[in-house]
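Chain letters run A, B, ... following the sequence lines, proteins first, then strands; residues in each count from 1. Bear in mind that the values here come from a model prediction, so they are computed numbers and not experimental data.
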Protein chains: 2
Amino acid sequence: MNSMPHNVTIEDIAAEAGVSRQTVSRAMNGMPRISEKTRARVLEVSERLGYRPSRFASNLARVAKAKTVGLVVDSLRNPYYSELAAELLDAASLNGWQLTISSHENEPVLPMVARLAGEVDAVVGYFGEDNEEELLAAARGVPVVLLGRTATVPGLHSVDIDFDSGFVALIDELRRRGAARFGMLESHIHGTEYAPSSRRLAYERSTEHPSSSAVIVCEAEMQSVDAGEAGMHALLDRYPDTDTVIAFSDLMAMGALRAAHSRGIDIPSRLKVVGIDGLSLGAVTSPALTSLAIVGSPIIEQVAEVVRAALQPGAVGEQHRRAIPAPLWRESA
Amino acid sequence: MNSMPHNVTIEDIAAEAGVSRQTVSRAMNGMPRISEKTRARVLEVSERLGYRPSRFASNLARVAKAKTVGLVVDSLRNPYYSELAAELLDAASLNGWQLTISSHENEPVLPMVARLAGEVDAVVGYFGEDNEEELLAAARGVPVVLLGRTATVPGLHSVDIDFDSGFVALIDELRRRGAARFGMLESHIHGTEYAPSSRRLAYERSTEHPSSSAVIVCEAEMQSVDAGEAGMHALLDRYPDTDTVIAFSDLMAMGALRAAHSRGIDIPSRLKVVGIDGLSLGAVTSPALTSLAIVGSPIIEQVAEVVRAALQPGAVGEQHRRAIPAPLWRESA
DNA sequence: TGCGGTTGCGTGAGCGCTCACGCAATGCAT
DNA sequence: ATGCATTGCGTGAGCGCTCACGCAACCGCA
């Protein structure tokens, strides 16, 4: 009989069923100490009135509150992020967390982080070049874990990837297999200002050659396979004697493979192609893609550890920073 | 001075900073009507004491409560589900929802749905053969949307895919292009009891041929590319004059392509290969995969509509069931 | 007939926050 | 000096649930 259609609460059900709140609660949650008859009646009433228990109220009142962590990625359409999300999902279910995912494909990052922070207990994600101070402020007290970069302001955590040691091991191994003239397909998000990626820098340091030689910067969009293909053609045109190509990502490497195929170049005898990311997807190309693995490496374990630490009630103000020493060298079977 | 390290609340900060709750709230949420000096002091104190506002309390007290929908999939490692999740993520951000994802890769479904239901306002997902009554009970009043099947018990919503009309259009088009002898690669999750999929049934109805002919049942694992490859070889051995193959999924179709390549069979002149799912991934094969599109079809729009309807406060007890008439016939460019 | 144990249910008292106020102090015009 | 708006802050009163109790009514068993 209310004029305003106010939310139907546990009290309404109690009144309508002629019992107390507690009894309604017992009925809804399948608790003991209630007769089957009453339970059925309460359930009927609550269905009839369209009762929807407030998860906020119940979580507030309950002792053991559920934890949920938020993951921020560019886009789930990029298999790198979706495989990463899959791994974090495993870790989450192991720790009893829920995982809520946001992509900043459409939305601007800061408002999204702010919204997300109101709904989760920790935020982890790839925040490209976003300002750390602003992120910290947007998170409003919710711990934030930066992926793929190292936090510089206290209060932010991070799990970084140290490409240098990975690249050194990679280049060594490739040389052992006969590689001599390297090339790299670097990625550059179309329309943004170009700055060398940490992958390119690690590549240049480990191959010890001048930065300008044998690097093709590909203008990549989201699905970077095509960019890799185009880049590979460009590379083969400019540096025809290249015998080993390292691509910025597995997707680009897949494009490179396609380009090589179309030119009738045999992989890996005439040319070796190596990707970065370690996508399980890399197993479906022919031949299977060799890759510097991030997915499948201990990175997610580290993330889970950092999140676990940050979620500890006592541990505010501490900062956790890790750098995975080297992505595993993984050769997809 | 507390012996028990009880959760630090807004009240603690207020006391320590010598202000009221409300002032702390104003400081934390960047609201006006507070001097910069006080704000700074409150922020300092809250950081020092490690104050973490309770999202449950604030959401309970706030008027406009955030909505979040839960998505249940087999595994994000399967690109079909991750692309679907990406689409739902778009829809969610459009509607101002958060998206929390669970996979029942490891966990049993019912307890997971129960857990999820305590954290979200609606659950949508693929629940293979799970019992509808049990799902309904596990959801405890939270609306549930079944994907890829039609709800039979009232209280559950569903968005199904009508493969029949899609297949009729598909087969017509293929015949127009010269297809005459069809084959299908059917999928069967290894270790379970086999029952013909709705895709196989639609295939058989639309091609009007006895169920036993030209169907190879592949024992698929998660990454079904290999299964598709093996199945394709089997199919070509058994039915060598097949000129058109329809695979259960795009992944299997990719395997089929690989098998064809290895036999030197030209696609599409000698043999046409068609997948189902419409993965954007299908664009990276050579030639690009042709597919009955589910991803990219209006299915997600429909899901969003159903969720929106189910979230309406008034609309409990209503049931929403849709069947997308036909997946779009999509040819990946 | 008495007594301890179980079953079924109800009653405060919070959980930690925000909203709508209220009220003093200050500003800046007239 | 008087008026009125603005700024800065505090005070109840909830939001809708669950927990720890309490208290009858009932059971069986001696």
Side-chain angles (χ1 to χ4, degrees), chain A residues 2 4-43 45-46 49-67 117-119 121 140-142 313, chain B residues 2 4-43 45-46 49-67 117-119 121 140-142 313:
Chain A
N2 268 328
M4 226 286 270
H6 97 123
N7 238 320
V8 25
T9 81
I10 199 174
E11 209 81 50
D12 301 331
I13 307 304
E16 176 78 14
V19 296
S20 72
R21 283 166 308 172
Q22 185 59 15
T23 301
V24 175
S25 177
R26 279 190 271 251
M28 296 298 298
N29 299 357
M31 303 173 129
R33 290 181 156 265
I34 180 176
S35 73
E36 273 317 311
K37 212 189 307 171
T38 327
R39 186 193 301 277
R41 180 158 42 93
V42 169
L43 256 31
V45 169
S46 85
L49 299 202
Y51 171 48
R52 220 108 89 191
S54 153
R55 59 196 174 93
F56 297 119
S58 83
N59 274 292
L60 178 58
R62 207 195 319 264
V63 275
K65 291 113 187 332
K67 295 291 181 198
E119 283 278 295
D121 303 290
R140 295 226 227 95
V142 174
Chain B
N2 269 326
M4 225 286 270
H6 96 123
N7 237 321
V8 26
T9 79
I10 199 174
E11 210 82 49
D12 302 331
I13 307 303
E16 177 77 13
V19 295
S20 72
R21 282 166 308 174
Q22 185 59 14
T23 301
V24 175
S25 176
R26 280 190 270 249
M28 297 297 298
N29 299 356
M31 301 173 131
R33 291 182 154 263
I34 180 178
S35 72
E36 273 315 312
K37 213 188 306 174
T38 326
R39 187 193 301 277
R41 180 158 41 94
V42 169
L43 256 30
V45 169
S46 85
L49 298 202
Y51 170 50
R52 220 105 91 191
S54 154
R55 59 197 174 92
F56 298 119
S58 79
N59 273 293
L60 180 58
R62 206 195 316 266
V63 277
K65 294 113 186 337
K67 295 292 180 195
E119 283 279 294
D121 303 290
R140 295 228 228 92
V142 174

How long is the span from the [atom1] atom in [X] to the [atom2] atom in [Y], to the nearest 0.5 Å?
{"X": "A/Thr23", "Y": "A/Arg26", "atom1": "OG1", "atom2": "CZ", "result": "5.0 Å"}
{"X": "A/Arg55", "Y": "B/Asp121", "atom1": "CZ", "atom2": "CG", "result": "4.0 Å"}
{"X": "A/Arg39", "Y": "A/Met28", "atom1": "CZ", "atom2": "CE", "result": "10.5 Å"}
{"X": "A/Ser20", "Y": "A/Ile10", "atom1": "OG", "atom2": "CD1", "result": "8.5 Å"}

Ignoring hydrogens and angles, tell me if any N or O in the side chain of A/Arg140 forms a donor-acceptor pair with the backbone of A/Gly118 under 3.5 Å.
no

Rounded to the nearest angstrom, tell me the gap between atom [atom1] in [X] and atom [atom2] in [N].
{"X": "A/Met31", "N": "C/dC9", "atom1": "CE", "atom2": "C1'", "answer": "14 Å"}
{"X": "B/Asn7", "N": "C/dC15", "atom1": "CG", "atom2": "P", "answer": "11 Å"}
{"X": "A/Glu11", "N": "D/dG14", "atom1": "CD", "atom2": "P", "answer": "13 Å"}
{"X": "B/Glu36", "N": "D/dC9", "atom1": "CD", "atom2": "P", "answer": "10 Å"}
{"X": "A/Met28", "N": "D/dG16", "atom1": "CE", "atom2": "P", "answer": "15 Å"}
{"X": "A/Lys37", "N": "C/dC9", "atom1": "NZ", "atom2": "C1'", "answer": "14 Å"}
{"X": "B/Asp12", "N": "C/dC15", "atom1": "CG", "atom2": "P", "answer": "11 Å"}
{"X": "A/Leu49", "N": "D/dG16", "atom1": "CG", "atom2": "C1'", "answer": "16 Å"}

Any donor-acceptor pair under 3.5 Å joining the side chain of [X] to the base of [N]?
{"X": "B/Arg21", "N": "D/dG12", "value": "yes"}
{"X": "B/Gln22", "N": "C/dC19", "value": "yes"}
{"X": "B/Arg26", "N": "D/dG10", "value": "yes"}

Look at the side-chain N and O atoms of B/Asn29 and state whether any lies under 4.0 Å from the OP1 or OP2 oxygen of C/dT18.
yes

Would you say A/Ser35 reaches C/dC9's phosphate, i.e. side-chain N/O to OP1/OP2 under 4.0 Å?
yes

Reading DNA chain C from 5' onward, which residue's closest nucleotide shows up sooner: B/Arg33 or B/Phe56?
B/Phe56

Residue closer to the 5' end of DNA chain D, B/Ala57 versus B/Thr38 (nearest nucleotide)
B/Thr38

Looking only at side-chain atoms of [X], point me to the closest of [options].
{"X": "A/Leu60", "options": "C/dC17, D/dT18, C/dC15", "answer": "C/dC15"}
{"X": "A/Ile10", "options": "D/dC17, D/dG10, C/dC17", "answer": "D/dC17"}
{"X": "A/Ser54", "options": "D/dC17, C/dC17, C/dG10", "answer": "D/dC17"}
{"X": "B/Ile34", "options": "D/dC9, C/dC9, D/dT18", "answer": "D/dC9"}
{"X": "B/Thr23", "options": "D/dC9, D/dG16, C/dC17", "answer": "D/dC9"}
{"X": "B/Ser20", "options": "D/dT11, D/dC17, C/dC17", "answer": "D/dT11"}

Scan B/Val19 against the nucleic acid and name what it touches under 4.0 Å (heavy atoms): base, sugar-phosphate only, or nothing.
sugar-phosphate

Remember a base hit wins even if backbone is also touched, and classify A/Pro32 as base, sugar-phosphate or nothing at under 4.0 Å, heavy atoms.
nothing

Under the side-chain contact (heavy atoms from CB on, under 4.5 Å) criterion, do A/Arg21 and A/Thr9 qualify, and how do the steps go?
CA-CA 10 Å; A/Arg21 283 166 308 172; A/Thr9 81; over 6 Å; no

